[in-house]
Amino acid sequence: MIYNFILFSISLFIFFAELRFKLFIKKYGSYGSLIVFSIFTLYLFGQNLNAKWWLIDDHETFRFLGNNLEIRPFSEFINILINQTEVGQFGTYPRYRPSYYFFRILETFLWFDLPILWYGFRIFVCIFFLFSISLLIKRYFNFTLSLLIPIVILSDNYFSDIFSRLGAGEVYCILGTSIILISYYLYNRKKLKLFYYYIGISLGSIIAMGSKENFLPFAIFPFILIILNFKVNKLKHWIVLIIPVIYSLLIASSILLSLSKGRTDIYGNSVELNERLILLKSSLLNYYVIISILILLISTIFLKIVRSHNLYIKIYIMILSFIYLVFNILFYNGIFPNNNRYDYPGILCFYIIIIIFGLTINRYLFNFKYKYRLAIKYFVPIFLILIANYFICFETIEKIHKTSNYNSINTQKFTNFIKDLQYLPKEKYLIIVYSNVMEFEHVDSLITYINFYNIYNNKSIYMAIDSGKNNWENGLVNYMNNLSVNGNNLTKLTKFELSKLKLQDCKVLHFNNQEYIKSKITNLCRKQEITQVPY
């Protein structure tokens, strides 16, 4: 609480300084914002610049690179995109993220196996995101709130799951969102021509939609521009705006085609209509949804009193944000908030509703009589600054900072562990234990790292699990069992043969330290060293 009081005092000082030095703030305020956001972002995520590679997600980078002795040339970009990702498997996989893999592979060729460059790019995206929000807030509120509100947004814990890891598709979604916000701001300020504004909206939508499926509703932005400017749009405008709409339909078609075969999404949840309707009913009882509904009701009543066209547009944006919030909750099977990257953009939509409601209060509530102008100038902004300070949780900010530090330490441990495997005696056999359905990616990732670093020891998968709880889990278990029984030339796995291993010296690698797992991996080899993979 003491930190909030100190911040509130500083905010008041900035607010009154803003009133006194308007021209100075107008000219140099943006530079000040960039400095503040850069410092704040580096405090939260700067430790990631010391991070290395992690077990989960990061291994895809090494698949695209090849191995550490021979990095692939850029000329293979398209070949990798089509043949090594879901982009070339239209309709066969319950995900379709062409933008995600385009940028992921592009980053691979730009940053190679240097994690500091990967994390550096994410820090840049974070600063760009905060700055794009700040510009719009400053346009409609004041400079002080333009500093506070982006900090409020970023101080949610789920951002640590986005910017403190390398495989999160939400990073590119945030990049796309930022391009849309910047484009709107520049066009609104008459600093961008209509055609380039359309390019910004379309490009941002394409990046976001193709990076994560729950961003498909972003297609509504170019679609609305098509409808609103139907009579004034030229041919080049039509082309720029129709591309993201077609792109969204392409992605949706691939996903629907796959779901029509499997009836479950990528997370193993049923996509049957009746179950989704039940889920929708329960989602309407969510705290964030209830608050949003109350705000929308108040705003609608207020619209009846004021009857402003601008207010009508604001309520329309709030309704769109509300629909998107509910869609995000349904997309992740009704669990919200998740306290991880799955909360984006749901919580952001909630903040948009609150911000626009605050803007409505700021512009209309005290606008009936001249004697209330003093309240508009002082009371309302100070009240909003107080509310913004209330929403900043310093405990969460410190937690995000510690997560970055934890990520740095953990990834260093894992990368050092992998590199130490290079010094194993070549005759020592590697056994990778698969003991839980959710360890599928762990095993797959570890094999990728071992092959990238040219660890030539024979390796096999030992199955310490027999089956899953449903068809989706059984599919993962059966796939891994096939690798164990038959081996695989592509992944350089040999088949698991217990009789031969009794004559070998082994290093057993596992991910689960529970006692029942330890009991299953004893006496597999003549002499064995059991090690839990650090991650």
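Since the model is a prediction, treat every value here as computed from it, not as a measurement.
In terms of heavy-atom proximity, Glu213 sits nearest to Pro94 at OE2-O, 4.2 Å. The heavy-atom pair separating Ile123 from Gly46 by the smallest distance is CD1-CA, 4.3 Å. Annotation for Ile400 and Ser160: closest pair CG2-CB, 3.9 Å, computed over non-hydrogen atoms. Between Ser211 and Gly169, the shortest heavy-atom distance links the atoms CB-O, 3.8 Å. When all heavy atoms of Ala168 and Tyr100 are compared, the closest pair comes out as C-CE1, 4.3 Å. The nearest pair of heavy atoms linking Ser33 to Phe143 is OG-CE1, 3.5 Å.
Under a cut-off of 6.0 angstrom, the local environment of CD1 in Ile116 is sparse, with at most 12 non-hydrogen atoms contributed by other residues, nucleotides or ligands. For Lys138, the NZ atom counts as densely surrounded, since its 6.0 Å shell holds more than 12 non-hydrogen atoms of other residues, nucleotides or ligands. Counting non-hydrogen atoms of neighbouring residues, nucleotides and ligands closer than 6.0 angstrom, the OH atom of Tyr406 reaches no more than 12 such neighbours. Heavy atoms of other residues, nucleotides or ligands lying less than 6.0 angstrom from CZ of Phe121 number more than 12.
Taking the six-membered ring for Trp and the full ring otherwise, His510 and Tyr434 have centroids separated by 6.0 Å or more. Centroid-to-centroid, the aromatic rings of Phe131 and Phe37 stay 6.0 Å apart or farther. Separation of the Tyr288 and Phe336 ring centroids falls under the 6.0 Å cut-off. Taking the six-membered ring for Trp and the full ring otherwise, Phe215 and Tyr344 have centroids separated by under 6.0 Å. Between Trp53 and Tyr449, the ring center distance fails the sub-6.0 Å criterion. The aromatic ring centroids of Phe218 and Phe221 lie less than 6.0 Å from each other.
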- Message: Pair Tyr197, Ser202 - check side chain to side chain donor-acceptor pair (under 3.5 Å), show working.
- Response: CA-CA 9 Å; Tyr197 167 57; Ser202 297; over 6 Å; no

- Assess whether side-chain contact (heavy atoms from CB on, under 4.5 Å) is satisfied between Phe350 and Ile291, documenting all intermediate values. CA-CA 9 Å; Phe350 177 72; Ile291 296 296; 3.7 Å; yes

- Task: Apply side-chain contact (heavy atoms from CB on, under 4.5 Å) to the pair Asn214 and Tyr332, showing each step before the final yes or no.
- Result: CA-CA 9 Å; Asn214 58 317; Tyr332 291 113; 3.9 Å; yes

- Message: Is there a side-chain contact (heavy atoms from CB on, under 4.5 Å) between Phe511 and His442? Walk through the geometry before answering.
- Response: CA-CA 8 Å; Phe511 308 95; His442 299 56; 3.8 Å; yes

- Message: Between Arg63 and Asp58, does the salt bridge (Lys or Arg N to Asp or Glu O under 4.0 Å) criterion hold? Intermediate values first, please.
- Response: CA-CA 10 Å; Arg63 282 185 181 161; Asp58 296 0; over 6 Å; no

- Query: Is there a side chain to side chain donor-acceptor pair (under 3.5 Å) between Ser99 and Tyr247 once you walk through the steps?
  - Reply: CA-CA 10 Å; Ser99 299; Tyr247 188 67; 2.6 Å; yes

- Can you check side chain to side chain donor-acceptor pair (under 3.5 Å) on Asn339 and Asn157, steps first, answer last? CA-CA 6 Å; Asn339 201 34; Asn157 189 49; 3.3 Å; yes

- Task: List the steps and the verdict of side-chain contact (heavy atoms from CB on, under 4.5 Å) for Leu181 and Leu135.
- Result: CA-CA 9 Å; Leu181 295 178; Leu135 289 176; over 6 Å; no

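Looking only at distances, no side-chain donor or acceptor of Thr531 sits under 3.5 Å from a matching main-chain atom of Leu509.
Ile224 is listed as a side-chain neighbour of Tyr316, based on a closest heavy-atom distance under 4.5 Å. Contact check for Leu65 versus Phe112: side-chain heavy atoms found under the 4.5 Å cut-off. Counting only heavy atoms from C-beta outward, the side chains of Pro98 and Ile251 approach each other to under 4.5 Å. Using a 4.5 Å heavy-atom cutoff, the side chains of Ile10 and Phe5 are not in contact. Counting heavy atoms from C-beta outward, Ile397 and Tyr43 have side chains that approach closer than 4.5 Å. You'll find the side chain of Ile317 stays beyond 4.5 Å of the side chain of Phe322, heavy atoms only.
Rounding to the nearest 0.5 Å gives a distance of 7.5 Å between CG of Leu55 and CD1 of Ile418. Cys126 SG to Phe40 CZ: the interatomic distance, rounded to the nearest 0.5 Å, is 8.0 Å. Ile347 contributes atom CD1, which lies 9.0 Å from atom CG of Asn328 (distance to the nearest 0.5 angstrom). Asp343 contributes atom CG, which lies 9.5 Å from atom CZ of Phe159 (distance to the nearest 0.5 angstrom). Within the model, atoms CG of Leu148 and CD1 of Ile153 stand 11.5 Å from one another, a figure rounded to the nearest 0.5 Å. For the atom pair Leu446 CG and Tyr535 OH, the distance stands at 11.0 Å (nearest 0.5 Å).
Using a cut-off of 4.0 Å between Lys/Arg side-chain N and Asp/Glu carboxylate O, Arg122 and Glu107 are scored as salt-bridged. Using a cutoff of 4.0 Å between basic side-chain nitrogens and carboxylate oxygens, Arg95 and Glu86 are not scored as salt-bridged.
Looking only at atom types and distance, the side chain of Glu60 has a donor-acceptor partner in the side chain of Tyr101 under 3.5 Å away. Ser164 and Asn407 share no side-chain donor-acceptor pair at under 3.5 Å.
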